[in-house]
There are 2 protein chains.
Amino acid sequence: MRNVIELQKKLLPDLLDVMKKRYRILQYLRLRQPVGRRTLARSLDLSERVLRSEVMFLKEQNLVHIGSGGMTLTEGGENLLEGLEEVMKDVSGLSDMESQLASELNVQQAIIVSGNSDRYSWVKKEMGRACVRQMKEQLEPQDVVAVAGGTTLAAVAEMMSPDDNVSSVSFVPARGGLGEKVEIQSNTISSTMAQKAHGNYRLLHVPDQLSDETRESLVLEPGIKELLHLIRQAKMVIHGVGEAETMAARRKTKAETLESLKDKQAVAEAFGYYFDRTGCIVHKENTIGLQLDDLSSNQVVMTVAGGASKAEAITAYMKYRPSDVLITDEGAAQAMLRK
Amino acid sequence: MRNVIELQKKLLPDLLDVMKKRYRILQYLRLRQPVGRRTLARSLDLSERVLRSEVMFLKEQNLVHIGSGGMTLTEGGENLLEGLEEVMKDVSGLSDMESQLASELNVQQAIIVSGNSDRYSWVKKEMGRACVRQMKEQLEPQDVVAVAGGTTLAAVAEMMSPDDNVSSVSFVPARGGLGEKVEIQSNTISSTMAQKAHGNYRLLHVPDQLSDETRESLVLEPGIKELLHLIRQAKMVIHGVGEAETMAARRKTKAETLESLKDKQAVAEAFGYYFDRTGCIVHKENTIGLQLDDLSSNQVVMTVAGGASKAEAITAYMKYRPSDVLITDEGAAQAMLRK
DNA sequence: TCACACCGGGACTTAAAATGACCCGGTCGA
DNA sequence: TCGACCGGGTCATTTTAAGTCCCGGTGTGA
């Protein structure tokens, strides 16, 4: 297949450029619809006039509908986007990069979406979309999914949509409060995700900072205990990865802890655990819920994280425990492979 | 595969037009190289300026070499042409047409090359190329191939090239003289073909018009007898089809025979046999060699004939005895399917 | 050996397409 | 009701494709 496209490229070298451009427009349109010409042009770094011509063209092709409230994809546009997804990934060389990355990081499967979420926030949503697709493929009715927090996971939740496979799934937060803002807490995210999936969810209301005794007694509470049990038998765990410094700063981390993280050269964070460059745990936030040691090999761990800036963090975390699935973006992938 | 191209077409509707145009240029170039810009433009029905731009482009792509004596394909050009052959056939809808035609005419396999040999004589050579490819695929060392006459078969011979599979093959004329010019007699053609294939050949020198007695005694001559034996055990028979009228006019056909052909509404000719619309033999030229009745089912009969004008003749002939392989062109195929 | 046909390539004009720049009236939500 | 965003119209400018004509070189056949 790719071979054919290579041949086509010889007879029509800018084939890919044009295809990519138009595909990108449709792709972005799908995320933001309905959206106007100017906004679209700004987001895609195209001159307004150029985008206008392209849109005109796409309209001719019956791929987009132009209404007074903005442009939307037609059914044909949706289908085209779906049908071309694999092709576009292939021609962008992402497929190659995926297998390369998978073997490099020792993960079972790597999925790379094009773009760099550092530069364009919509790339995060594309990762979200990819993640949702994976979930729908791998989940079975009645499964339990443990969901961590963070902005990336919020994007995943946002992209969730109902499906036969996920409507009877239970979404639970992976761990208790970590001092994050409410929109990116795992509680919020798992409930959002459940609602969008028409699934069930359970909340884990635990104050952020607790003394050890309180925590121990809390864990014995029947409601909490049951939920923790549920979390531990989750079929799938979905989480993000952050840069240690950024994460620590974002949370109400004590000054002495910050100092200690710096001393121990923490670079990555996931689940409230902090890791150094070699993948060793250097700190662990005290909260209840899923513990990394609890993870067994028949659980599917999906890591979702992108942006070139997170490359080092992802690499470090994967040294600790390679996930089953890594969903990342081109920016991060390139940085990781360049290393 | 074709599916992908359908999708591509939605994002780039003139993809195929451009590809076809450039492919056609390379294709023609392969046949005529070295050839000049103007000649090429005239043959392809392109304005000189347009062709010039295209050639400029192809040069940039390192697909053609431009020398002082004309343009030639580079190695890359050759490879591209080869690699794209199937794709181009597919996108041109020829593949569909092939299977349609095969079931319509009841032949095992139909091969259609694009173009119409009525309009462009080089299409005949493309049929020749296709025929040669089939021969190389199906023949085995030591096989015997019986070759008929005609301009189309001459084109096949011209396109023959050496190959492991055909270098030990023997080429024999299918039948004796039919009153044709020497260049398109089966004797000439089989020897040309053999030489180009680096194979062996045997000639069948028989005067055109013979009395029955002479013929009968000739058949008993040891040399002739052996050759006739060889012909009868040919593994493959390759022949063309002609329009009855044209063929009769071209040969030194007696006036009364001409009259009889007209009476019996002969439309097709092959091997010196004439057929009417329903596929019945209405006349048979008297000469020695392969007789249609001799054909057994384990012989491969390849019919090579193209041009819209021959459509009716081909259809008629196929009603008599569907060949194993029919090699024709787009013009004839369309006409046959339209019927 | 000369003429002629064919070769590639340069130069210029014209036609068409792409793009940039700016404006207008409508619509929808705060 | 105001303002931000919407699609669409218009026109000058730039870029690209195409038409036209010409030139000097080269090989071949008379």
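Every chain is numbered from 1, with letters handed out A, B, ... down the list of sequences. All values below come from the heavy atoms of this structure, side chains included, with hydrogens, waters and symmetry mates left out.
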Tell me the interatomic distance from A/R38, atom CZ, to D/dC5, atom P, rounded to whole angstroms.
10 Å
For A/G69 and for B/V35, locate the closest nucleotide of DNA chain C by heavy-atom distance; then report the residue assigned to the nucleotide nearer the 5' terminus.
B/V35
Rounded to whole Å, how long is the line connecting atom CE of A/M56 with atom P of D/dG9?
8 Å
Separation of A/I66 atom CD1 from D/dC5 atom P, in whole Å?
19 Å
Let's test your reading of the model: under 3.5 Å, does the base of D/dG19 pair with the side chain of B/R52 as donor and acceptor?
no
From the list C/dA11, D/dC6, C/dG20, which nucleotide is the closest neighbour of the side chain of A/V50?
C/dG20
Side chains of B/S117 and B/K125, donor plus acceptor under 3.5 Å:
no
Nearest whole angstrom, please: distance from the C1' of C/dG20 to the CG of A/L46.
14 Å
Between C1' on D/dT16 and CZ on B/F57, what's the gap in Å once rounded to a whole number?
15 Å
Is it the case that A/Y120 and A/D45 place a side-chain donor and acceptor less than 3.5 Å from each other?
yes
Just by distance, no angles: are the side chains of B/T246 and B/R250 close enough, under 3.5 Å, to form a donor-acceptor pair?
no
Any side-chain donor paired with an acceptor under 3.5 Å for A/D118 and A/S309?
yes
Separation of A/E48 atom CD from C/dC23 atom C1', in whole Å?
11 Å
Side-chain N or O of A/S68 less than 4.0 angstrom from OP1 or OP2 on D/dC6?
no
Tell me the interatomic distance from B/L51, atom CG, to C/dC7, atom P, rounded to whole angstroms.
11 Å
When you measure from the side chain of B/S47, which nucleotide among D/dG19, C/dG20, C/dC7 comes out closest?
D/dG19
note: B/R49, atom CZ; D/dT16, atom P; distance rounded to Å ~ 14 Å
